[in-house]
Protein chains: 2
Amino acid sequence: MDQQLEQPELVHPGAEEIELPAVLHALSDPQRLRIVRELAASERPLPCGGIVLEISKSTRTHHFRVLREAGLIEQRRDGTCKLSTLRREDLDARFPGLLDAVLGAGVPA
Amino acid sequence: MDQQLEQPELVHPGAEEIELPAVLHALSDPQRLRIVRELAASERPLPCGGIVLEISKSTRTHHFRVLREAGLIEQRRDGTCKLSTLRREDLDARFPGLLDAVLGAGVPA
DNA sequence: ACCATAGTTCGATGACCGTCGTATAATAGG
DNA sequence: CCTATTATACGACGGTCATCGAACTATGGT
């Protein structure tokens with residue numbers, strides 16, 4: 001078929017390869033948890049720099065890579081910046097209810 | 001002659017003090033995940049040694065302590081052994097759906 | 001009193017993690 | 001071309017983690 005949007009240099013696990021310990025570990029860091037929350041809140045691709053974090057650029061890159069390699073987010077290049085999206089469908093399919101539980105956890109009544 | 005009313009030496013966080021990152025980190029280790037699963041499956045207190053793990057005793061103690069201090073399990077002494085239970089109610093109250101999602105994750109239909 | 005059972009405590013060790021600064025791509029626009 | 005923006009790669013450093021063995025505590029049974 002036609003598909004010119006190939007970014008093979010970015011490592012993304014397949015939907016079936018997402019491992020629970022890796023996901024939980026990725027989410028166990030407060031900074032990464034915040035990133036995931038913001039991504040979920042915007043429900044639209046965000047650039048790495050679009051998330052407020054008082055950490056250095058290299059650390060931010062590191063966190064995004066951990067999230068991507070764990071299968072939590074998808075990253076795609078768009079011009080000079082890289083857009084990230086939450087892999088909601090893949091995660092819901094593999095671990096039903098997990099993402100909702102994590103996202104809803106920090107938003108008490 | 002003596003009364004065994006209290007076990008103050010065991011550190012358990014209050015139900016409201018359970019932190020999400022700590023819980024996720026505790027669950028991100030395969031050994032601890034197995035412990036939690038077994039505890040959930042039995043739905044009745046289990047001794048530390050009652051769970052099959054090919055790790056040394058001291059490592060097992062370590063994992064149980066991580067789980068206890070994260071608020072995932074409750075430990076109580078019973079004679080020569082120490083019984084552990086999943087803190088289902090506290091966890092469900094604080095992070096609704098999280099435990100079910102984690103427990104159901106590795107048990108596909 | 002003795003001993004067996006069940007866990008803990010104490011270093012120690014090797015691996016991993018979060019963080020940083022600097023240097024290096026990659027791309028858009030003048 | 002040059003430059004600014006955006007993000008990655010590469011060490012490096014200190015801290016935490018999972019693991020172990022050996023010594024220790026605590027309890028219960030004989």
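Since the model is a prediction, treat every value here as computed from it, not as a measurement. So that the names make sense, note that chain A is the first sequence line, chain B the second, and so on, each numbered from 1.
Taking atom CG of residue B:Asp29 and atom C1' of nucleotide D:dT19, one finds them 11 Å apart after rounding to whole Å. B:His62 places its NE2 atom 14 Å from the C1' atom of C:dC10, with the value rounded to the nearest Å. In this structure, A:Phe64 atom CZ and D:dA9 atom C1' are separated by 17 Å, rounded to whole Å. Per the geometry, CG belonging to B:Leu67 stands 15 Å off P belonging to C:dG7, to the nearest Å. Atom CG of B:Asp78 is separated from atom P of C:dT5 by 18 Å (rounded to the nearest Å). Here the P atom of nucleotide D:dT6 and the CG atom of A:Leu53 are 15 Å apart, to the nearest Å. Taking atom NZ of residue B:Lys57 and atom P of nucleotide C:dA6, one finds them 9 Å apart after rounding to whole Å. Regarding A:Leu10, its CG atom lies at a distance of 18 Å from the P atom of D:dT6, rounded to whole Å.
Proximity of A:Leu10 to A:His12: side-chain heavy atoms (C-beta onward) are separated by under 4.5 Å at one or more points. Counting heavy atoms from C-beta on, the side chains of A:Leu33 and A:Val102 come closer than 4.5 Å.
Each of B:Gly50 and A:His25 lies near DNA chain C, and the nucleotide nearest B:Gly50 is the one positioned closer to the 5' end. Comparing A:Ser28 and B:Arg68 by the nucleotide of DNA chain C that holds the closest heavy atom to each, the one mapping nearer the 5' end is B:Arg68.
Considering only side-chain atoms of A:Ser56, the nucleotide from D:dA9, C:dG21, D:dC20 that sits closest is C:dG21. For B:Thr61, the listed nucleotide lying nearest its side chain is C:dT8; candidates were D:dT5, D:dC10, C:dT8. Side chain of A:Pro47, nearest nucleotide from D:dA18, D:dG21, D:dA7: D:dA7. Side-chain proximity of A:Gln31 to C:dC17, D:dA22, C:dT19: nearest is C:dT19. Picking from D:dA18, C:dC20, D:dT6 the nucleotide with the shortest atom distance to the side chain of A:Cys81 gives D:dT6. Picking from C:dG18, C:dG7, C:dA6 the nucleotide with the shortest atom distance to the side chain of B:Cys48 gives C:dG7. Proximity note for B:Ser58 (side chain, C-beta onward) versus D:dG21, C:dG18, C:dA6: the nearest is D:dG21. If you check C:dG18, C:dT22, D:dC20 against the side chain of B:Thr59, the one that comes closest is D:dC20.
Listed pair A:Thr80 / D:dT6 fails the phosphate criterion, with no side-chain N or O lying under 4.0 Å from OP1 or OP2. The shortest distance between the side-chain N/O atoms of A:Gln75 and the OP1/OP2 oxygens of D:dA7 is not below 4.0 Å. Phosphate contact (OP1/OP2 of D:dA26, side-chain N/O of B:Lys82, threshold under 4.0 Å): absent. Put simply, B:Arg32 has a side-chain N or O that comes within less than 4.0 Å of OP1 or OP2 on D:dA18. Between B:His63 and D:dT19 there is a side-chain N or O to OP1 or OP2 distance below 4.0 Å.
When atom types are taken as modelled, the side chain of A:Arg94 and the backbone of A:Ile18 share a donor-acceptor pair closer than 3.5 angstrom. Looking at A:Arg37, its side chain does come within 3.5 Å of a backbone N or O of A:Leu103 through a donor-acceptor pair.
Scanning for salt bridge (charged side-chain N to carboxylate O under 4.0 Å, His left out) contacts around B:Asp90 gives B:Arg87, with sequence neighbours left out.
A side-chain donor-acceptor contact under 3.5 Å links B:Thr59 and B:Ser56.
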